[in-house]
Asker: 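Take a look at the following structure, please.
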2 protein chains.
Amino acid sequence: MGSSRRRALPTREQLHVWRGYVETAEVLRSRLGARLQSETSLSAGDYQVLLALSEASGGTMRSSTLAVTIGWERSRLSHHLGRMEKRDLIRRVPCDDDVHGIDVTLTATGAETFRAATVPHLRAVREMFADALTDEQLDQVEELTATLRRHLGLDPL
Amino acid sequence: MGSSRRRALPTREQLHVWRGYVETAEVLRSRLGARLQSETSLSAGDYQVLLALSEASGGTMRSSTLAVTIGWERSRLSHHLGRMEKRDLIRRVPCDDDVHGIDVTLTATGAETFRAATVPHLRAVREMFADALTDEQLDQVEELTATLRRHLGLDPL
DNA sequence: TCGGGGTGGTTGACGTGTCAATTCGGAGCG
DNA sequence: CGCTCCGAATTGACACGTCAACCACCCCGA
């Protein structure tokens, strides 16, 4: 049969599933972001950065390590850190043991803002996502995610 | 039991599934966007606009209708149309039958660029998404998407 | 006739993301 | 010593999104 050829186009139904998948994920992402923003004045990006830093010893991490940890490009991180520094959420200090290299560290306000944000944010995740699905469905999502990540050559998890 | 209380936080596993879900969808979205961009010099947004217009009779649609069709805010569409107009992909003309109201219409280059983009783009969707999943998995995704959309109060599909 | 609303669309400001170019200070090597 | 190459980080230009303010014109009711 020619129906399963390599470079064929997706069927109408495959396209339909795809559209639903991306659009729904996008809505979730943006709603959660909006809610986080309104409840805590942090963006999703801020949250990611603060989470990583708050889990690092001393609330401090090398900029490059941070970039890898949260999976961002260096330039993206640099821009974002600039904005966060202006808001006094983090500070950048050149680090001694490596001539290049910047240590990013939580400020007091950064730590406190993050601390105050975590419960509302987790609650939102539960309400918007986890509460919608049964345990079996969550297992399905996990399995599907793993399959897709494998297909895309991403690290599992 | 207190384990299913209303405002509880998500479990570690729920959070894990959530992270996998959004991050994977985001990777897919951005990879597909990058590929579209590099193969056709169109962004995902451009594609959405051109798709809607190319399906409209005469390659023309009222700006407000277009916004609703692709689910964008008016201001977002306005900004985007501005950029697309500069690149001669579309044109905006005040429409006669309604005093306010702008007709957005495909230019020749817009139509041709879109035409040339569709096969590569569909192929990419197939390769990156559809090819990764079995038919049963696609059904699961559709079902999960529907569940989430219901939960979020979105129109089905 | 005037004064609100409502609708359709634009604008400006600003945060966010990406890409390409740049800076800075070592290594390594002739 | 002078050269090039490399890795860490920054910068600038630009596309993209959102929010709030705005403009224009209509309609409707006092």
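We name chains A, B, ... by the order of the sequence lines, and we start the count at 1 in each one. Remember, predicted model here, so these are calculated numbers, not experimental data.
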Asker: So C95(B) and I102(B), do their side chains get closer than 4.5 Å, heavy atoms only?
Answerer: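 In short, these two side chains do not touch, never coming nearer than 4.5 Å.
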
Asker: Could you check whether H16(B) and E142(A), counting side-chain N and O atoms only, form a donor-acceptor pair closer than 3.5 Å?
Answerer: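 Distance-only check passes for E142(A) and H16(B).
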
Asker: Flag the pair E26(A) and R31(A) as a salt bridge only when some basic side-chain nitrogen lies within less than 4.0 angstrom of an acidic carboxylate oxygen.
Answerer: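 So E26(A) does not pair with R31(A) through a salt bridge.
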
Asker: Determine the interplanar angle of the H121(B) and Y47(B) rings, folded into 0 to 90°, and report it as parallel if under 30°, tilted if 30 to 60°, perpendicular if over 60°.
Answerer: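 The rings of H121(B) and Y47(B) sit tilted, inter-plane angle from 30° to 60°.
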
Asker: Return the minimal non-hydrogen interatomic distance between L9(B) and R123(A), and the atom names on each side.
Answerer: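 Smallest interatomic distance, heavy atoms only, reads CD2-N, 3.8 Å.
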
Asker: Starting at atom CZ of R74(B), determine the distance to atom C1' of dT7(C), rounded to an integer number of angstrom.
Answerer: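 Taking CZ of R74(B) and C1' of dT7(C), I get 7 Å after rounding.
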
Asker: Under 4.0 Å between a Lys/Arg side-chain N and an Asp/Glu carboxylate O for R91(A) and D103(A)?
Answerer: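 A salt bridge is absent here (no side-chain N lies under 4.0 Å from a carboxylate O).
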
Asker: Under 3.5 Å, is there a donor-acceptor pair linking the side chains of H79(B) and R76(B)?
Answerer: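 No, because no side-chain N or O of H79(B) sits under 3.5 Å from a partner of the opposite role on R76(B).
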
Asker: What is the per-nucleotide protein-contact pattern of nucleotides 15-25 of chain C, from the 5' end, where B denotes a base atom under 4.0 Å from a protein heavy atom, S denotes such proximity for sugar-phosphate atoms only, and - denotes neither?
Answerer: SBSBBB----B

Asker: What's S78(B) touching, base or sugar-phosphate or nothing? Going by heavy atoms closer than 4.0 Å.
Answerer: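 The answer is base, as S78(B) lies within the cut-off (heavy atoms under 4.0 Å) of a base atom.
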
Asker: I'd like the 5' and 3' limits of the part of DNA chain D contacted by chain B, with heavy-atom contacts below 4.0 Å.
Answerer: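 For DNA chain D, the relevant span reads dA15(D) to dC26(D).
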
Asker: Check the side chains of T134(B) and E136(B) for a donor-acceptor pair under 3.5 angstrom, ignoring hydrogens and angles.
Answerer: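 Looking only at side-chain atoms, T134(B) and E136(B) do form a donor-acceptor pair, the distance falling under 3.5 Å.
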
